[in-house]
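Please read the structure below before turning to the comments.
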Amino acid sequence: MKYKIEKNTVQETLILPLYSRKLCTELYPTLYRDETAVRLIDEIDYDFSQAEKNSRSLMQRFGALEVAMRQNDLAWEVQAYLKTHPGAAVVNLGCGLDNTGKACDNGRCKIYNLDFPDVIALRQQLLPAGEREQNIPCDLKDPAWFDKIDASGGAVFFASGVFYYFLTQQVRALVQGMADAFPGGVLVFDAANRTAVKMIAKTWLRTAKIKDVGAYFAVSDAKSELSPWDSRLQVSSRGYMLGYSDLKDLSVSGFFRFLAKVGDNGMKMQIVKIGFGGRQ
């Protein structure tokens, strides 16, 4: 029996990222694999005809490559942290139907998937929590969820495509709160500059209560812009298209590598890493 997703619901907003991860797996199999996305698309009752039609366009295929690189980069950072903190909490902020936490499982870490209650309700149907894993309904902006994370062995938090929808002050408050609650932890997420955020926001901002796109979180130089938020933060960043991979793969055209350079250098598409040090 397939799980039906209705049009114009919150659940539908989870479908496109999921479909993108499936498309990435098909287009760039040597670069990226998400077997969970492939399986879930097959288990969901939804009209994918428009997504399939869009997937033939050049920019949609490049968008899929962006998704693949972003997920690979975040997973790389999670796995790097687990090498020195094997019993850490691995926390997917705004998880949707993404299974990166489980993909990074080393057999010892604790996995937490956080999202709004209606999203977690769907996740429980399609991706019930496994061993050492919890699906936690919450609002990321409310620090009440901090108490639900066992960070006794360290903690690595990651957010994929999440903070573009936060006001800068909301991201700052969250980061400062996490620095208090999780000393020694690490937060990694994707970000971009103001120009890129305006492009990302042009569809959803029309219905947002706040009309000033300038209020939304954007970063050009992460180290210089975010370090002043708190003396305990250790901030670094890498381009997310070419910062972790040279993309010299047969599945990636020269034109797409050119676009990747534009993304990293012109739009400042980047993976930001923030370490939470002790009080100074």
Side-chain angles (χ1 to χ4, degrees), residues 10 13-14 16-17 20 66-67 70-71 73-74 77-78 91-98 100-101 112-120 123 136-146 148-149 155-182 185-230 232-238 240 263 267-276:
V10 171
T13 64
L14 306 178
L16 287 180
S20 291
E66 289 181 344
V67 169
R70 178 173 73 188
Q71 295 307 120
D73 299 347
L74 293 172
E77 292 288 1
V78 170
V91 188
N92 190 344
L93 303 175
C95 59
L97 294 174
D98 173 52
T100 298
Y112 300 89
N113 303 299
L114 278 58
D115 215 317
F116 290 117
D118 47 358
V119 174
I120 293 298
R123 186 180 179 95
I136 298 177
C138 67
D139 180 344
L140 294 179
K141 301 183 190 81
D142 180 351
W145 63 263
F146 291 179
K148 299 179 181 177
I149 307 300
V156 55
F157 304 84
F158 64 99
S160 176
V162 171
F163 291 152
Y164 305 108
Y165 306 99
F166 280 47
L167 302 179
T168 299
Q169 185 51 45
Q170 290 171 335
V171 178
R172 180 173 180 163
L174 177 61
V175 167
Q176 289 173 324
M178 291 174 71
D180 284 334
F182 306 106
V186 166
L187 167 66
V188 288
F189 58 91
D190 56 305
N193 68 9
R194 184 73 54 212
T195 301
V197 170
K198 283 181 179 178
M199 292 171 64
I200 294 166
K202 66 182 178 182
T203 53
W204 62 266
L205 197 65
R206 292 181 197 139
T207 55
K209 293 178 181 176
I210 298 169
K211 301 301 180 187
D212 177 18
V213 70
Y216 284 86
F217 181 64
V219 175
S220 290
D221 183 336
K223 188 175 179 67
S224 67
E225 292 172 39
L226 306 186
S227 295
W229 283 3
D230 194 293
R232 294 166 293 173
L233 307 183
Q234 296 127 18
V235 182
S236 60
S237 66
R238 293 162 76 167
Y240 89 53
M267 302 292 185
K268 299 298 180 185
M269 292 161 54
Q270 60 196 291
I271 298 294
V272 178
K273 178 181 177 181
I274 300 179
F276 304 127

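Quick note: residue numbers are just sequence positions, from 1. For clarity, every value in this text was computed on a predicted model and none was experimentally measured.
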### Task
Please examine the side chains of Asn193 and Val219, heavy atoms only from C-beta on, and report whether any two atoms are closer than 4.5 Å.
no
### Query
So, does Gln176 use its side chain to make a donor-acceptor pair with the main chain of Trp229 at under 3.5 Å?
yes
### Query
What do the steps show when you test Phe276 against Val186 for side-chain contact (heavy atoms from CB on, under 4.5 Å), and what is the final call?
CA-CA 6 Å; Phe276 304 127; Val186 166; over 6 Å; no
### Query
Step by step, would you call Asp73 with Arg238 a side-chain contact (heavy atoms from CB on, under 4.5 Å)?
CA-CA 9 Å; Asp73 299 347; Arg238 293 162 76 167; over 6 Å; no
### Query
Tell me, do Gln270 and Tyr240 make a side-chain contact under 4.5 Å, heavy atoms counted?
no
### Message
Run the side-chain contact (heavy atoms from CB on, under 4.5 Å) test on Phe166 and Leu140 for me, step by step, so that the C-alpha distance in whole Å, both residues' side-chain angles and the decisive distance to 0.1 Å come before the verdict.
### Response
CA-CA 10 Å; Phe166 280 47; Leu140 294 179; 4.2 Å; yes
### Task
Look at the aromatic rings of Phe146 and Phe182 and report parallel, tilted or perpendicular, splitting at 30° and 60°.
perpendicular
### Summary
The reported gap from CZ in Phe163 to CG in Asp190 (rounded to nearest 0.5 angstrom) is 9.0 Å
### Query
Which distance, rounded to the nearest 0.5 Å, do you find between the CE of Met178 and the CG of Leu93?
5.5 Å
### Query
Any donor-acceptor pair under 3.5 Å linking the side chain of Arg194 with the backbone of Tyr216?
yes
#### Entry: Polar side-chain atom of Gln170 near backbone of Leu167 as donor-acceptor pair, under 3.5 Å
yes
### Query
With a cut-off of 6.0 Å (strictly less than), are more than 12 heavy atoms of other residues, nucleotides or ligands near NZ of Lys141?
yes
### Task
Nearest 0.5 Å please: distance from the CZ atom of Phe116 over to the CG atom of Asp139.
4.5 Å
### Query
Between atom CD of Gln71 and atom OG of Ser20, what is the distance when rounded to the nearest 0.5 Å?
10.0 Å
### Query
Rounded to the nearest 0.5 Å, what separation is found between the CG atom of Asn113 and the CD1 atom of Ile120?
6.5 Å
### Query
Any idea which heavy atoms bring Gly101 and Phe158 closest together, and the distance?
N-CZ, 3.9 Å
### Task
Determine the minimum heavy-atom distance between Pro137 and Lys148, stating which atoms define it.
O-NZ, 4.3 Å
### Query
Which heavy atom of Thr168 sits nearest a heavy atom of Ala218, and at what distance?
OG1-N, 4.4 Å
#### Entry: Straight-line distance of Ser227 OG to Gln234 CD, nearest 0.5 Å
9.5 Å
### Query
Would you say Arg123's side chain and Gly96's backbone share a donor-acceptor pair under 3.5 angstrom?
yes
### Message
Working note: Val235 + Val272, criterion side-chain contact (heavy atoms from CB on, under 4.5 Å); need CA distance, chi angles, decisive distance, verdict.
### Response
CA-CA 7 Å; Val235 182; Val272 178; 4.3 Å; yes
### Query
Between Lys268 and Asp221, is the closest basic N to carboxylate O distance under 4.0 Å?
no
### Message
If I compare all heavy atoms of Ala191 with all of Phe217, which pair ends up nearest, and what's the gap?
### Response
CB-CE2, 4.2 Å
### Summary
Closest non-hydrogen atoms of Asp115 and Gly94, given as atom of the first, atom of the second and distance, are OD2-C, 3.3 Å
### Query
How close do Gly161 and Arg70 get, heavy atom to heavy atom, and via which atoms?
CA-NH1, 3.6 Å
### Query
Do Leu233 and Leu226 have side-chain heavy atoms sitting under 4.5 Å apart?
no
